[in-house]
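Nothing here was measured: the structure is a model prediction, and the numbers come from that model. Scope of the values below: all heavy atoms of this structure, side chains included, with no hydrogens, waters or symmetry mates. Proteins get letters first, then strands, A, B, ... in listed order; numbering begins at 1 in each.
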2 protein chains.
Amino acid sequence: MSQPEKRRKILDAAVSVFARNGYYSSKVSDIAREAGVADGTIYLYFKNKEDLLIQVFLDTMGSILERQEQVQAGMTDPTERLRAFITTHYDLVASSPALAEVVTVELRQSSKFMRSTDMKPFGKYLAIIARIVQEGQEQGVFASTVQPRRIARALFGVLDEFALEWAMAEHPAPLAEMADETTQIFLEGLRARPGAR
Amino acid sequence: MSQPEKRRKILDAAVSVFARNGYYSSKVSDIAREAGVADGTIYLYFKNKEDLLIQVFLDTMGSILERQEQVQAGMTDPTERLRAFITTHYDLVASSPALAEVVTVELRQSSKFMRSTDMKPFGKYLAIIARIVQEGQEQGVFASTVQPRRIARALFGVLDEFALEWAMAEHPAPLAEMADETTQIFLEGLRARPGAR
DNA sequence: CCGCGCTGAATGGTCGTTCATTCAGGCCCT
DNA sequence: AGGGCCTGAATGAACGACCATTCAGCGCGG
């Protein structure tokens, strides 16, 4: 087995074990067993247990960012771009629930980690949303009463909360429905508008 | 010192230590030192370390629920009630940042805990929001296109995310501003409306 | 038969939890 | 009122389980 392949196997095992037990209750030896390697092998590919968590995050954010940028590339209408961003986010969550749980739940733990430079990819994710909002405002399609950066945070909060609910619930509602309602809330708000569709 | 007083001291110390180091990195002996008691004393008041975390949560949610219900009691207009709920939430966060950090960050860790019956108070918190939305819909003030329960989750996600940002940032924006923007987003949404205020 | 990737048993340090011991204060008997 | 007895809250040193990390050696491909 080639080296990158082994690295992948370990990362995948880590995601699955972290999701099942939480980071602190996960034993390195469990990850090794699930990856089909010896305990020591993990230390040939990662500095230590925490590094493993960080690499999971960086690896995941990398491909998520790539995917979102790719989706956005072909689009211009801000409303459609926002909708697409939301749908893509939930698609990613659905395609790997364990990964979603690790990234949303486990990572939140350590403020040490939250402040570290490794959070940059997260900032980039927010920037994609903020950009959509800003362009929408410039085109007059979105109201300019709220800062794009703020909206980005708010939207992420909702995506994260719904993902968490979905990951935890026994019989979760379909994510497609959640995507629709998320979009609805952000575009239209709560207020009833006579004659609005 | 009377027993309830000592219990309080330990709970307060736990909040402060958990907020500083995270639950798993916190040592029982650190909490004991900060509370000014011996290690063993903690076990006279709490079953074990995890129980300490749970009691912090139950204790906190109890007073938060009480406060929100009290605020809601005197109000009828759904819009105002929503605004008041949001403002009160941020007031509570501001009044005890360490507590806010523990409840929003540390508790998320254990899905074992998230699923346990002790989460009921959290369900009650969501129910307060859902109720406001539902009554607003019945009065025709709010659109009926989204389920109240869903809105409640979404709003909580935003409150939580903003609280987290506020707790982590070096020079956080004033929470009053966040309260305004949160309200704005949920009531009006993003879409520009010619002639709307 | 070299050396590289890998192994997994051994190590050492870290706490959560226990419990034998202390002692302040309340109670009763004279 | 004095003083001896008792209680149980509080203490903190010691214990032992647990696990991340290491490293001496193994075996396989070239």
Side-chain angles (χ1 to χ4, degrees), chain A residues 1-59 102 105-107 109-113 116 118, chain B residues 1-59 102 105-107 109-113 116 118:
Chain A
M1 176 165 19
S2 74
Q3 293 190 219
E5 233 179 293
K6 190 154 282 188
R7 190 191 136 91
R8 251 271 64 79
K9 269 204 155 182
I10 295 171
L11 276 178
D12 288 347
V15 166
S16 138
V17 174
F18 287 161
R20 189 160 53 248
N21 307 325
Y23 173 72
Y24 280 101
S25 303
S26 296
K27 288 163 245 173
V28 172
S29 60
D30 286 346
I31 297 171
R33 178 149 23 86
E34 185 141 340
V37 301
D39 296 12
T41 306
I42 290 183
Y43 291 86
L44 300 176
Y45 292 87
F46 303 93
K47 195 150 57 69
N48 52 33
K49 192 183 170 189
E50 192 187 353
D51 185 42
L52 201 40
L53 180 61
I54 292 175
Q55 295 309 322
V56 165
F57 171 72
L58 291 179
D59 191 81
V102 172
V105 179
E106 300 306 326
L107 271 175
Q109 281 168 25
S110 141
S111 55
K112 174 170 46 82
F113 179 74
S116 85
D118 295 322
Chain B
M1 179 169 8
S2 75
Q3 292 189 220
E5 235 179 292
K6 188 153 284 187
R7 191 190 135 91
R8 253 269 68 79
K9 267 205 154 179
I10 295 171
L11 276 179
D12 289 346
V15 166
S16 134
V17 174
F18 287 162
R20 187 159 55 248
N21 308 326
Y23 172 72
Y24 280 101
S25 304
S26 296
K27 289 164 245 172
V28 173
S29 59
D30 287 346
I31 297 170
R33 179 151 20 86
E34 184 140 341
V37 302
D39 295 12
T41 306
I42 289 181
Y43 290 86
L44 301 176
Y45 291 87
F46 303 92
K47 196 149 57 66
N48 51 35
K49 191 183 171 189
E50 191 187 356
D51 186 42
L52 202 40
L53 180 62
I54 293 175
Q55 295 308 323
V56 165
F57 170 72
L58 291 179
D59 191 81
V102 171
V105 179
E106 300 306 326
L107 271 175
Q109 282 168 21
S110 144
S111 54
K112 178 170 45 85
F113 179 73
S116 85
D118 295 322

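For the helix from C:dC1-D:dG30 to C:dT30-D:dA1, the rotation axes defined at the first and last 5 base pairs enclose an angle of 10°, given to the nearest 10°.
Here the C1' atom of nucleotide C:dG16 and the OH atom of B:Tyr45 are 20 Å apart, to the nearest Å. When the P atom of D:dA9 is taken as reference, atom CD of B:Glu5 falls 16 Å away, rounded to whole Å. One atom, OH of A:Tyr43, and another, P of D:dT21, lie 4 Å apart when rounded to the nearest Å. Distance CG (B:Leu52) to P (C:dT17): 10 Å, rounded to an integer number of Å. In this structure, A:Ile31 atom CD1 and D:dT21 atom P are separated by 11 Å, rounded to whole Å. Separating the CG atom of A:Asp39 from the P atom of D:dC18 is a distance of 16 Å, rounded to the nearest angstrom. One can place NZ of B:Lys6 at 4 Å from P of D:dA10, the figure rounded to the nearest angstrom. In this structure, B:Arg7 places its CZ atom 14 Å from P of D:dA10, rounding to the nearest Å.
Note that CG of B:Leu11 is 14.0 Å distant from NZ of B:Lys6, once rounded to the nearest 0.5 Å. To the nearest 0.5 Å, the span separating CG on B:Asp51 from OH on B:Tyr43 amounts to 10.5 Å.
By the 30° and 60° cut-offs, the orientation of the rings of A:Tyr24 relative to B:Tyr24 is parallel.
When the nucleotides D:dA10, D:dT11, C:dG16 are ranked by their closest atom to the side chain of B:Lys27, C:dG16 comes out on top. Listed candidates were D:dT21, C:dT7, D:dG12. Nearest to the side chain of A:Leu44 is C:dT7. Closest to the A:Val28 side chain, of the nucleotides D:dA20, C:dT7, D:dA10, is D:dA20. Here the side chain of B:Lys49 is nearest to one of C:dG8, D:dA20, C:dT17, namely C:dT17.
Under the 3.5 Å distance criterion, the side-chain polar atoms of A:Tyr23 are matched with a main-chain donor or acceptor of A:Glu50. Looking only at distances, no side-chain donor or acceptor of A:Lys27 sits under 3.5 Å from a matching main-chain atom of A:Ala32.
B:Ser25 comes within 4.0 angstrom of nothing in the nucleic acid, heavy atoms only.
Contact annotation: A:Tyr24 side-chain N/O to D:dC19 OP1/OP2 distance is not under 4.0 Å.
For A:Ser26 and A:Thr41, each mapped to the nucleotide of DNA chain D holding its nearest heavy atom, the one lying further toward the 5' end belongs to A:Ser26.
With sequence neighbours left out, A:Arg33 forms a side-chain contact (heavy atoms from CB on, under 4.5 Å) with A:Asp30.
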Indicate every side-chain donor-acceptor pair of residues 34-42 of chain A with a distance under 3.5 Å to a residue at least two apart or in another chain.
| unit_1 | atom_1 | unit_2 | atom_2 | d |
| --- | --- | --- | --- | --- |
| A:Glu34 | OE1 | A:Arg20 | NH2 | 2.9 |
| A:Glu34 | OE2 | A:Ser16 | OG | 2.5 |
| A:Thr41 | OG1 | A:Ala38 | O | 3.4 |

